[in-house]
> 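The structure follows.
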Amino acid sequence: MSGKLQDVDKRIRQVGTLAPLMIDRAGFKRKYPNNVYGLVHDEKEVTFVADMPANLLTLRDMTKDFELTGFTEQDKLQEVQKYAAFLKKILERQSHLAETYKIVVYNEDAAMMDAVQHFL
């Protein structure tokens with residue numbers, strides 16, 4: 001399965017790329033690219049920046065190998081929610097990022113899209 005968001009949901013398309021962030025991690029400069037995506041929902045264009053962190057891709061792969069891992073979709077959702085909550089706590093400590101982001105867990109659910117619309 002592809003790691004590209006537009007391959008996960010055919011309604012999503014990549015519309016651009018922002019300048020990458022350069023962040024020092026353990027003495028090394030690491031480049032974090034930011035892809036900009038778009039989709040149409042309820043006849044409105046929604047544009048957003050998204051990422052699929054490697055550890056979340058691993059959770060997704062674990063659900064695909066259920067016979068081997070015993071890891072269910074519900075297990076994945078719980079772990080993704082924990083990840084999002086922890087990420088939010090980390091970002092909240094970065095005062096220069098205040099009010100510049102919203103964390104939305106994409107789950108192909110209409111309720112999730114309604115939550116995204118709330119922020120627009």
> Suppose we screen for side chain to side chain donor-acceptor pair (under 3.5 Å). Which residues come up paired with Glu79, at least two apart in sequence or across chains?
Lys82
> Could you tell me the separation between the NZ atom of Lys88 and the OH atom of Tyr83, rounded to the nearest 0.5 Å?
15.5 Å
> Look at atom CZ of Arg30 and say whether more than 12 heavy atoms of other residues, nucleotides or ligands are closer to it than 6.0 Å.
no
> Report yes or no: does Asp65 contribute a side-chain atom to a donor-acceptor pair with the main-chain N or O of Thr69 at less than 3.5 Å?
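Checked: no pair found.
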> Side chains of Val80 and Leu59: does their closest heavy-atom pair fall under 4.5 Å?
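Counting from C-beta outward, Val80 and Leu59 do come under 4.5 Å.
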> Mind listing the closest non-hydrogen atom pair of Phe66 and Phe71 along with its distance?
CD1-O, 3.5 Å
> Looking only at side-chain N and O atoms, does Thr72 offer a donor or acceptor that is under 3.5 Å from a partner on Asp75?
yes
> Going from CD1 on Ile12 to CG on Leu39, what distance comes out if it is rounded to the nearest 0.5 angstrom?
5.5 Å
> Got a second to check how far Leu97's CG is from Thr100's OG1, nearest 0.5 Å?
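If I round to the nearest 0.5 Å, the distance is 4.5 Å.
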> Does Thr47 use its side chain to pair, donor to acceptor, with the backbone of Gly38 at less than 3.5 Å?
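No, the answer is negative, given that no donor and acceptor are paired below the 3.5 Å cut-off.
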> Rounded at 0.5 Å granularity, tell me how far OG1 in Thr63 sits from NZ in Lys76.
4.5 Å
> Please determine whether side-chain contact (heavy atoms from CB on, under 4.5 Å) holds for the pair Val36 and Thr17, giving the CA-CA distance in whole Å, both sets of side-chain angles, and the decisive distance to 0.1 Å.
CA-CA 5 Å; Val36 181; Thr17 304; over 6 Å; no
> What is the distance from atom CZ of Arg60 to atom CD of Glu73, rounded to the nearest 0.5 Å?
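One gets 10.5 Å once the value is rounded to the nearest 0.5 Å.
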> Looking at Glu45 and Arg11, is there a salt bridge between them, counting it only when a charged N and a carboxylate O are closer than 4.0 Å?
no
> Between Leu21 and Asn34, is there a side-chain heavy-atom distance shorter than 4.5 Å?
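Yes, at least one pair of side-chain atoms sits under 4.5 Å.
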> Report whether Tyr37 and Val40 are members of the same hydrophobic cluster (ILVMFWY, side-chain heavy atoms less than 4.5 Å apart, transitive linking).
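No.
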> What is the distance from atom OG1 of Thr58 to atom CE of Met62, rounded to the nearest 0.5 Å?
8.5 Å
> Mind listing the closest non-hydrogen atom pair of Pro20 and Pro33 along with its distance?
CB-CA, 4.1 Å
> With a 4.5 Å heavy-atom cut-off, do Tyr32 and Ile23 have their side chains touching?
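The answer is yes; the side chains approach within 4.5 Å.
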